[in-house]
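Encoded as structure tokens, the structure appears first; notes follow it.
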Amino acid sequence: GFTTLGLLAGAGAGFGASAAIARRQALAQRLRMALRAGRPTLAYQPILRLSDRRMVGAEALIRWQEGGIAIPPDLFIAAAEEAGLIGDVSVYVLHKVLAEMAETLRARPGFQVTVNISVQDLLDPGFAGHVASALALHQVAPRSIGFELTERSTAQRHDIAAGIARLRAAGHRLYIDDFGTGYSSLAYLAELQVDAIKLDRAFTRLAARTDHAAAVLGPIASLAHSLQLGLVVEGVEEEAEADFFARLAPCALAQGWLTGRPMPAADLLARLPDEAEAAA
Ligand code: C2E
Ligand code: MG
Ligand code: MG
Ligand code: MG
């Protein structure tokens, strides 16, 4: 019967695909319980302006441990998307960012925290309203919270334009994450109407490759510039990479091990310059 079939699927023999689906469903179910219990935490990774190396913001990244073992976000985010649970994740992360960072965001109008969202959030007509009331409750300006959406997930999704437009009209900046891995056409990128692209770390790595660096990265930087898109360089690990991009795109921002490992809110706050200095 059904149970036997389930066991067979779990054992894998000839049922590899369905076993994988069952595992992801089980993972999503555990994530649902973890969210309800408030267990996942956030880590913040500093984002610096390359021209003066000042911290202008941070990305919020979800962290979830079960039984002392860290479960990689790439794994459970995909499971949450499949299970229709990603909206709950996005709202959870937004609320946690506001709980941990509202005071800082109110005191520093130039500082922005970005939250990763998914296509499902943009298709949810209630999402923008929910964001607006959460921010109003904490008296945080929309400009202080940005949203990231992976390039791969946006491919050929012409139905997300309205969702993007709603968030931007409210005053949020929108970022295309992992740019370069999703094969967007130029026309589509121009049509998307976002504020900036985050260059995937596979491209950042080319900076050290003298044979490819200028040929591949030059056109990407000028494309961003001519479309009036901001550029955030992801996965910056080496000083040489930061130098390369500082020369190529002086207005660009950088994020990576070099700017700091993802860290708890308290550690991020300790790294902020004091407000008098920030205002100068
Ligand atoms: P992402 O949004 O592109 O986040 C950047 C990822 O690169 C993070 O991995 C970060 O720890 C890692 N990273 C940062 N700097 C470097 C570096 O210099 N070198 C290397 N090798 N890696 C670096 P993480 O935290 O494991 O997240 C992986 C992905 O999971 C994220 O990619 C994002 O797509 C997703 N994710 C994480 N948190 C959330 C969330 O709260 N909501 C949603 N929807 N997705 C999330
Ligand atoms: Mg991201
Ligand atoms: Mg990324
Ligand atoms: Mg990524």
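Counting starts at 1 for both ligands and their atoms, in listed order.
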Could you tell me whether the side chain of H172 reaches within less than 4.5 Å of the side chain of L135, counting heavy atoms only?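 Yes - at least one pair of side-chain heavy atoms lies under 4.5 Å apart.
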Going by heavy atoms, is [X] under 4.0 Å from ligand 1?
X: E234; answer: yes
X: S118; answer: no
X: P262; answer: yes

Examine T150 and say whether one of its N/O/S atoms is closer to the Mg ion (ligand 2) than 2.8 Å.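 Here the distance criterion (N, O or S atom, under 2.8 Å) is not met by T150, so no.
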So, D177 and the Mg ion (ligand 2): N/O/S under 2.8 Å, yes or no?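 Within the cut-off used here (under 2.8 Å), D177 does place an N, O or S atom near the Mg ion (ligand 2).
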To the nearest 0.5 Å, tell me how far [X] [atom1] sits from [Y] [atom2].
X: E238; Y: D243; atom1: CD; atom2: CG; result: 11.0 Å
X: Q112; Y: M101; atom1: CD; atom2: CE; result: 11.5 Å
X: N116; Y: S90; atom1: CG; atom2: OG; result: 8.5 Å

Taking ring-ring contact (aromatic ring centres under 6.0 Å, His included) as the definition, give me every residue that meets it alongside H225, ordered by chain and number, with sequence neighbours left out.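 Scan of H225 (ring-ring contact (aromatic ring centres under 6.0 Å, His included), adjacent residues dropped) gives none.
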Could you pull out all residues at least two apart from F179 that satisfy ring-ring contact (aromatic ring centres under 6.0 Å, His included)?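 With neighbours one apart ignored, the set is empty.
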Once you measure the plane-to-plane angle for H130 and H95, does it fall in the parallel (<30°), tilted (30-60°) or perpendicular (>60°) bin?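 Correct class here is tilted.
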Show which atoms of ligand 1 fall inside a sub-4.0 Å distance from at least one heavy-atom site of [X].
X: R201; result: 7 (O), 12 (C), 20 (C), 21 (N), 22 (N), 23 (C)
X: G256; result: 15 (N), 18 (O)
X: E237; result: 17 (C), 18 (O), 19 (N), 20 (C), 21 (N)
X: V93; result: 41 (O)
X: Q45; result: 14 (C), 15 (N)
X: D74; result: 28 (C), 29 (C), 30 (O)

Measure from the side-chain N and O atoms of [X] to the backbone N and O of [Y], and report whether any donor-acceptor pair falls under 3.5 Å.
X: Y175; Y: V115; answer: no
X: D121; Y: S118; answer: yes
X: R49; Y: A254; answer: no
X: R54; Y: P273; answer: no

Under 3.5 Å: N/O of [X] near N/O of ligand 1:
X: I62; answer: yes
X: Q255; answer: no
X: T150; answer: no

With the Mg ion (ligand 3) as the reference point, give the N/O/S atom of D178 that is nearest.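 The nearest such atom is OD1.
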Note: [X]-[Y] ion pair, threshold 4.0 Å (strictly below):
X: R24; Y: E82; answer: yes
X: R205; Y: E241; answer: yes
X: R152; Y: D178; answer: no

Can you tell me which portion of [X] lies within the under-4.0 Å heavy-atom range of ligand 1? Options are side chain, backbone, both, or neither.
X: D178; answer: side chain
X: E59; answer: side chain
X: R63; answer: side chain
X: I77; answer: side chain

Of all N/O/S atoms in E148, which lies nearest to the Mg ion (ligand 2)?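 Per the distance ranking, E148 contributes OE1 as its closest N/O/S atom to the Mg ion (ligand 2).
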Proximal heteroatom of E59 relative to the Mg ion (ligand 2) (N/O/S):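 Output for this pair reads OE2.
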May I ask which of L149, N116, T181 has a heavy atom nearer to atom 42 (N) of ligand 1 than the others do?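 Nearest heavy atom to atom 42 (N) of ligand 1 lies in N116.
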Closest to atom 1 (P) of ligand 1 (judged by heavy-atom distance), picking from D177, D200, V89: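 Considering heavy atoms of D177, D200, V89, the nearest to atom 1 (P) of ligand 1 sits in D177.
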